[in-house]
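This report concerns only the one structure given below.
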Amino acid sequence: MDKNILIVLQTHNNIVKNFKYNLEKNSFVPYFYPSSQLPKYQPNIVDNIINFALKKIYPNFSFFDYRKQKRQQKYNFQQKNILENYSENFFDYCIIFRADSLEDQLLSKLRSKSKKLIGYQWDGMNRYPNVFSKLSFFDRFFCFDPNDSNEQINFITNFYFDKLPSALSSEILWDITYIGHYTDERFDLLEKIAKSLPHLKLNFKLNTSNYKNILKIKASKYVKYLDDVYDYSTLLEIHNQSKAILDIKADEHSGLSFRIFEAMQFDKKLITTNSEIINYDLYNESNILILNTHNCNEIERFINNPYQSILPAIKEKYSFTNWLNNIISFEK
């Protein structure tokens with residue numbers, strides 16, 4: 001009999017579609033919280049008029065921010081009410097991503113609706129330290145950075161979805177792709193790489209809502225501005241259309257990002273600033289270049305050398321199917 005599983009995940013890139021497909025293929029009945037995504041707020045004519053008028057009286061007040069807040073509150077209330085439709089222990093498993101973003105009251109409700117409550121922090125634990133106060137709600141808790149693990153927190157890597165809802169285009173359009181959120185360090189590194197590789201086709205895009213940073217990106221010859229996040233399936237398609245994928249490590253943690261596993265999944269060369277990758281069995285110097293401040297000139301030679309196939313057992317180890325089996329196993 002298929003088991004009920006609840007995935008608690010708030011994201012804007014529609015990755016839940018991949019979760020749903022892979023869970024069903026693994027004989028689970030998947031549910032999601034939130035059950036639907038809150039549409040992006042688009043001010044209408046009336047909103048613009050009200051905001052303009054209020055600015056005359058209250059210069060520091062944003063009616064747009066007020067409307068966003070009210071929409072979010074209404075949405076959260078509606079989503080919490082949906083949980084009331086499920087009986088106690090209705091879900092065999094509930095997996096919560098980023099527990100730090102949830103109120104204790106909601107965690108208690110999810111706890112009562114689930115036989116096993118599992119947490120997974122796919123960001124650095126110390127980046128959102130509020131998460132430490134949530135650990136007592138869980139039967140098991142996992143992190144993706146081995147440096148964050150201890151007696152309460154188990155280490156497990158990120159993963160790639162081994163079952164894809166649809167076929168991807170195999171046409172190669174780019175030599176290197178990097179798509180992510182803006183930081184000054186990322187922008188500067190992308191500029192440096194691009195200037196050192198004038199003959200390669202580079203697909204460098206950054207997303208930000210900061211007006212000054214938008215102008216900075218739009219003034220660049222090498223980095224393009226991305227006004228919204230890609231649908232996750234579209235992102236996979238873009239990665240599959242590239243010879244190599246660039247991965248830039250965040251300063252706050254040392255865990256392996258999804259880009260690393262997507263590169264392995266699609267047999268792509270990987271260029272990464274995360275030197276910790278050398279400690280993993282997926283590391284192969286023919287396939288992975290650890291980038292530093294002195295070896296940008298090695299990139300072109302690296303991506304043009306042959307890719308070496310990874311052992312099937314290693315590839316399978318980092319699949320979603322194996323990841324799921326590991327975190328729901330309570331034998332230990």
Side-chain angles (χ1 to χ4, degrees), residues 10-15 37-43 47-48 51-52 55 59-69 71-72 97-98 100-101 122-124 126-130 145 158 173-198 200-232 234-239 241-242 244-260 262 270-274 291-293 296 299:
Q10 300 192 51
T11 179
H12 298 289
N13 65 355
N14 202 26
I15 197 173
Q37 186 174 306
L38 178 64
K40 187 176 180 179
Y41 171 59
Q42 299 287 353
D47 290 345
N48 280 288
N51 185 67
F52 179 79
K55 282 288 184 183
N60 296 323
F61 178 78
S62 170
F63 182 71
F64 299 146
D65 290 344
Y66 172 79
R67 286 280 287 121
K68 287 180 185 177
Q69 183 181 28
R71 288 176 78 250
Q72 187 68 51
F97 294 76
R98 289 286 314 279
D100 61 278
S101 63
W122 59 5
D123 213 325
N126 291 308
R127 192 174 188 179
Y128 302 99
N130 186 44
D145 186 341
N158 279 319
L173 302 178
W174 310 99
D175 290 305
I176 307 172
T177 286
Y178 180 83
I179 296 170
H181 293 288
Y182 176 93
T183 68
D184 290 336
E185 293 77 16
R186 288 174 183 173
F187 179 83
D188 292 342
L189 180 58
L190 294 177
E191 288 267 305
K192 180 179 180 179
I193 292 172
K195 289 175 183 177
S196 68
L197 301 170
L200 297 188
K201 294 180 180 179
L202 305 177
N203 183 22
F204 292 167
K205 293 180 180 177
L206 292 173
N207 170 256
T208 180
S209 59
N210 182 283
Y211 182 67
K212 289 183 179 179
N213 294 334
I214 291 173
L215 294 179
K216 187 176 179 181
I217 297 170
K218 288 187 173 181
S220 171
K221 291 172 56 179
Y222 311 105
V223 183
K224 303 300 181 184
Y225 170 61
L226 186 63
D227 62 357
D228 202 356
V229 295
Y230 278 119
D231 182 278
Y232 187 69
T234 301
L235 184 64
L236 291 182
E237 182 105 38
I238 293 169
H239 283 165
Q241 292 175 326
S242 305
I245 298 172
L246 175 62
D247 169 64
I248 303 175
K249 186 184 84 68
D251 292 336
E252 296 86 354
H253 55 71
S254 299
L256 302 189
S257 76
F258 274 86
R259 291 181 184 89
I260 290 171
E262 291 158 9
L270 175 73
I271 304 161
T272 180
T273 61
N274 192 343
L291 189 66
N292 55 50
T293 55
C296 283
I299 292 177

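- Taking CG of Asp100 as the start and CG of Asn130 as the end, the distance is 6.5 Å to the nearest 0.5 Å.
- Put simply, the side chain of Lys249 never gets that close to the backbone of Leu256: no donor and acceptor are under 3.5 Å apart.
- A donor-acceptor pair under 3.5 Å is absent between the side-chain atoms of Asn274 and the main chain of Ile248, judged by distance alone.
- Listed by chain and number, the residues in a salt bridge (Lys or Arg N to Asp or Glu O under 4.0 Å) with Arg186 amount to none (sequence neighbours excluded).
- Side-chain atoms of Ser242 come within 3.5 Å of backbone N or O of Ile238 as a donor-acceptor pair.
- Remark: of the listed residues Asn207, Leu206, Ile217, Asn207 is the sole one forming a side chain to side chain contact (heavy atoms under 4.5 Å, CB included) with Leu226.
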Please step through side chain to side chain donor-acceptor pair (under 3.5 Å) for the pair Thr11 and Asn13, ending with a clear verdict.
CA-CA 6 Å; Thr11 179; Asn13 65 355; 2.7 Å; yes
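- Using a 3.5 Å distance cut-off with no hydrogens or angles, the side chains of Ser101 and Gln10 do not pair a donor with an acceptor.
- The ring pair (Phe, Tyr, Trp, His ring centres under 6.0 Å) check on His253 picks up Phe144, with sequence neighbours excluded.
- Counting only distance, with no hydrogens or angles, the side chain of Asn14 and the backbone of Tyr232 share no donor-acceptor pair below 3.5 Å.
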Checking side-chain contact (heavy atoms from CB on, under 4.5 Å) for the pair Arg98/Trp122: CA distance, chi angles, key distance, verdict?
CA-CA 7 Å; Arg98 289 286 314 279; Trp122 59 5; 3.6 Å; yes
Go through it in stages, so that I can follow the logic: the residues are Tyr41 and Asp47, the test is side chain to side chain donor-acceptor pair (under 3.5 Å), and I'd like the CA-CA distance, side-chain angles, deciding distance and then a yes or no.
CA-CA 11 Å; Tyr41 171 59; Asp47 290 345; 2.9 Å; yes
List the steps and the verdict of side-chain contact (heavy atoms from CB on, under 4.5 Å) for Phe187 and Val223.
CA-CA 8 Å; Phe187 179 83; Val223 183; 4.2 Å; yes
Stepwise side-chain contact (heavy atoms from CB on, under 4.5 Å) test for Leu190 and Tyr222:
CA-CA 8 Å; Leu190 294 177; Tyr222 311 105; over 6 Å; no
side-chain contact (heavy atoms from CB on, under 4.5 Å) between Tyr230 and Ile179, intermediate numbers included
CA-CA 9 Å; Tyr230 278 119; Ile179 296 170; 3.6 Å; yes
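- The CG atom of Leu246 lies 5.0 Å from the CD1 atom of Ile193; values are rounded to the nearest 0.5 Å.
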Can you give each donor-acceptor pair under 3.5 Å made by side-chain atoms of residues 59-68, sequence neighbours left out, with the distance rounded to 0.1 Å?
residue, atom, partner, partner atom, Å
Ser62, OG, Phe64, N, 3.4
Ser62, OG, Asp65, N, 3.1

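- For the 3.5 Å distance criterion, the side chains of Asp184 and Tyr182 qualify, holding a donor opposite an acceptor.
- With rounding to the nearest 0.5 angstrom, the CG atom of Asp251 is 8.0 Å from the OG1 atom of Thr183.
- Residues Leu291 and Leu189 meet the side-chain proximity criterion, which asks for heavy atoms closer than 4.5 Å.
- Atoms CD and CG, on Gln241 and Leu236 in that order, are 11.0 Å from each other to the nearest 0.5 Å.
- When all heavy atoms of Ala244 and Ile271 are compared, the closest pair comes out as CB-CD1, 4.2 Å.
- Scanning all heavy atoms of the two residues, the minimum distance from Thr177 to His239 falls at CG2-CD2, 3.8 Å.
- Atom CG of Asp228 and atom NE2 of His12 lie 9.0 Å apart (nearest 0.5 Å).
- The minimum heavy-atom distance between Gly180 and Arg259, with the atom names listed, is CA-NH2, 3.7 Å.
- Around NZ of Lys201, the count of heavy atoms belonging to other residues, nucleotides or ligands within 6.0 Å does not exceed 12.
- Note: Ile214 CD1 to Lys216 NZ = 13.5 Å, rounded to the nearest 0.5 Å.
- For the residue pair Asn210/Thr208, the side-chain donor-acceptor check at 3.5 Å is not satisfied.
- Annotation: side chain of Ile176 is in contact with side chain of Leu197 (closest heavy-atom distance under 4.5 Å).
- Residues Lys224 and Asn203 fail the side-chain proximity criterion, which asks for heavy atoms closer than 4.5 Å.
- The minimum heavy-atom distance between Asp247 and Ser257, with the atom names listed, is OD1-OG, 2.6 Å.
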